[in-house]
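See structure below.
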There are 2 protein chains.
Amino acid sequence: MALQLKANRATVADEIVALLRDRIIRGELSPGAQLSENEIAQQLGVSRTPVREAFIQLREQSLLRILPQRGSFVAPINLSHVADSFFLRETVELRTVGVAAENCTSKNADRLRSIIERQRTLLDGGSDSAFVKADDAMHRYLVEMCGRPRVWKTISDAKVQIDRMRCLNAQDQTTRRRILADHVRIVEAVIGGDPDAAVGAMKQHLHNIFENTERLAKQYPGYMDGQTLATKRKREAKTRPGERPYQSATLT
Amino acid sequence: MALQLKANRATVADEIVALLRDRIIRGELSPGAQLSENEIAQQLGVSRTPVREAFIQLREQSLLRILPQRGSFVAPINLSHVADSFFLRETVELRTVGVAAENCTSKNADRLRSIIERQRTLLDGGSDSAFVKADDAMHRYLVEMCGRPRVWKTISDAKVQIDRMRCLNAQDQTTRRRILADHVRIVEAVIGGDPDAAVGAMKQHLHNIFENTERLAKQYPGYMDGQTLATKRKREAKTRPGERPYQSATLT
DNA sequence: AGTCGCTAACTTGTATGGTAGTATCCTTGC
DNA sequence: GCAAGGATACTACCATACAAGTTAGCGACT
């Protein structure tokens, strides 16, 4: 496999982060798969140093597990982690979409309409990654309309765990159409200046996505929670107040 | 200055991250101060490699700015960034404290009381860092009571920006007492199983903290937004939907 | 005086070598 | 056949060397 680096970014290390991150999220690198600094370096025609720096960054993004002197493995998809990400998204996006609906200008409305239009054109012919990208664009714009630019970064970091699950399957037409329909409802409510409707539509939308992931979890049990990891996982000994299955927001 | 590494962590790089992160948050390394890979490496008696790996991680945490071939500088305190952090905290913690109040067990209550008690003992004699640590413990436990363990990590990442501001000044007795009083109100509401009161108390608490930071921002303008940075900052050219000053949650 | 250009001393980025720990496989001994 | 032990081939971690870019200062020339 001959990987290729784009020459865009400032440093090779950052370029490798972008490359591997994309491949992990899209599932080209399966959960549990072993990555070697040496191997990647050879494939890319660079030294181990920038590869190693990339690995460290991917570890911080919960996409890679580095076991010293043993190996580096694509992180398994942890269902509890995914549920946490949903919790965070729901909490933040339900608030921001409400604020967006309260402050939607005509310029915002135009932009939202064009994003929806873009998704509509990708409905049939578009690739999965293009459709997901357009999907992202809408959620991102709604968050940023609320005037807190760095909040999207947080959402985005959490979203990778969700996206990894979404990429397990190619999205069929039915799924895409439902997503688009959800988005239309949300955008109409926002443009219409109806916060309650916007929050409700967003809540329903996130729930639909979550149900999809639950279905996928049953379909791909091997990728979940490290069962394909080469070595036995050590049990986390830390006692937390307790985890419970994901459940919907209680405030609306 | 002879820095010292603890032998706890697995790798030297992670140890350096913890060390520098702490020093930056506590303000021992001032915003804008230049850090050199070489210099830190010599002070710690290690090579540049782990120092460099630490720098990259600190950059990802928005605590360091690395300008290739020019130098690395302690990130300025960006007020917009701080406001974003408050927005995130308020959004998440107002929800979680409500959930915590709904599900508070007697065991949870005991733990909360002991955390409060710990803070009370630190009120007079305790160091700033010890008091802040106990402060953290309460917020953390309230979030984790909600059963989503990784959500605190997100809050914690955002909180560093707020903590950097808090550490500009030693906290006087008045401030500490007000914080403790806020915490008591929150915990009483949570233990009492009153979500509305808990959310209200938390909202008031976060507001109080935010007002403190606004005061500090006026007091230390030189540390804000890179004005002490050795080199002129390039203007961010990206146009965002627009930033507006921090404002309170509209949903309760 | 003012400006151009060189030099030297930095900076971070990348490549490479050596070290220590881990897992695998194969041999050896029972 | 089977278990214990050792060689071997990995791994990530750290140290060091080199490369390339930036900046500040100084001197010569206009």
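Chain identifiers are assigned alphabetically (A, B, ...) following the order of the sequence lines, protein sequences preceding nucleic acid strands; residue numbering begins at 1 within each chain.
- When the C1' atom of dC14(D) is taken as reference, atom CZ of Arg52(A) falls 8 Å away, rounded to whole Å.
- The pair Glu144(B)-Arg140(B) counts as a salt bridge, with a side-chain nitrogen and a carboxylate oxygen less than 4.0 angstrom apart.
- Counting to the nearest Å, the P atom of dT22(D) and the CZ atom of Phe73(B) are 14 Å from each other.
- Residue contacts shown for Leu35(B) are limited to sugar-phosphate atoms, with no base heavy atom under 4.0 Å away.
- For Arg166(A), the salt bridge (Lys or Arg N to Asp or Glu O under 4.0 Å) partners are Asp135(A), Asp163(A), not counting sequence neighbours.
- Ser72(B) pairs by the side-chain contact (heavy atoms from CB on, under 4.5 Å) definition with Phe55(B), Leu64(B), Ile66(B), not counting sequence neighbours.
- Of the candidates dT11(D), dC14(D), dT12(C), dC14(D) carries the atom nearest the Ala13(B) side chain, counting heavy atoms from C-beta on.
- With sequence neighbours excluded, the residues forming a side-chain hydrogen bond (donor to acceptor under 3.5 Å, both in side chains) with Glu93(B) are Arg89(B), His139(B), listed by chain and number.
- At whole-Å resolution of the value, CD in Glu53(A) and C1' in dC13(D) are 13 Å apart.
- Residues meeting the side-chain contact (heavy atoms from CB on, under 4.5 Å) test with Thr175(A), sequence neighbours left out: Asp172(A), Ile179(A), Asn212(A).
- Nucleotide dT14(C) holds its P atom 12 Å from the CD1 atom of Ile66(B), rounded to whole Å.
- Among residues two or more places apart in sequence or in another chain, the side-chain contact (heavy atoms from CB on, under 4.5 Å) test is passed with Ser114(B) by Arg111(B).
- The side chain of Ser72(B) sits closest to dT12(C) out of dC14(D), dT12(C), dT11(C).
- Among dT23(D), dT14(C), dT12(C), the nucleotide with an atom closest to any side-chain atom of Val12(A) is dT14(C).
- If you take CD of Gln42(B) and C1' of dC14(D), they are 16 Å apart, rounded to a whole angstrom.
- Arg70(A) has a side-chain polar atom (N or O) that falls below the 4.0 Å cut-off from OP1 or OP2 of dA23(C).
- With sequence neighbours excluded, no residue forms a salt bridge (Lys or Arg N to Asp or Glu O under 4.0 Å) with Lys133(A).
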Quick one: which protein N/O atoms are closer than 3.5 Å to N/O atoms of nucleotides 5-8 of chain C? Pair and distance per line, please.
none

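- Scored by the salt bridge (Lys or Arg N to Asp or Glu O under 4.0 Å) test, Glu37(A) finds Arg52(A) as partners (sequence neighbours excluded).
- In this entry the distance linking CD of Glu15(B) with P of dC14(D) reads 11 Å, nearest Å.
- Because its NZ or CZ atom is not both nearer than 6.0 Å to the ring centre of Phe87(A) and within 45° of the ring axis, Arg150(B) does not count as a cation-pi partner of that residue.
- With rounding to whole Å, Asn38(B) atom CG is found 11 Å from dT16(D) atom P.
- Residues meeting the side-chain contact (heavy atoms from CB on, under 4.5 Å) test with Ala134(A), sequence neighbours left out: Arg118(A), Gln119(A), Leu122(A).
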Are there any protein N/O atoms within less than 3.5 Å of an N/O atom in nucleotides 16-19 of chain C, and if so, which ones and at what distance?
| unit_1 | atom_1 | unit_2 | atom_2 | d |
| --- | --- | --- | --- | --- |
| dT16(C) | O4 | Thr49(A) | OG1 | 3.3 |
| dG17(C) | O6 | Arg48(A) | NH2 | 2.3 |
| dG18(C) | O6 | Arg48(A) | NH2 | 3.4 |

Strictly under 3.5 Å: I want the nitrogen or oxygen pairs between protein and nucleotides 24-26 of chain C, one per line.
none

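- Remark: Ser36(B) is in phosphate contact with dT11(C), judged by side-chain N or O atoms under 4.0 Å from OP1 or OP2.
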**OP:** List the steps and the verdict of salt bridge (charged side-chain N to carboxylate O under 4.0 Å, His left out) for Asp14(A) and Arg59(B).
**Re:** CA-CA 12 Å; Asp14(A) 289 348; Arg59(B) 180 193 63 180; 3.2 Å; yes
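- Residues satisfying the salt bridge (Lys or Arg N to Asp or Glu O under 4.0 Å) test with Glu28(B), not counting sequence neighbours, are Arg23(B), Arg26(B).
- Distance Glu37(B) CD to dA19(D) C1': 14 Å, rounded to the nearest Å.
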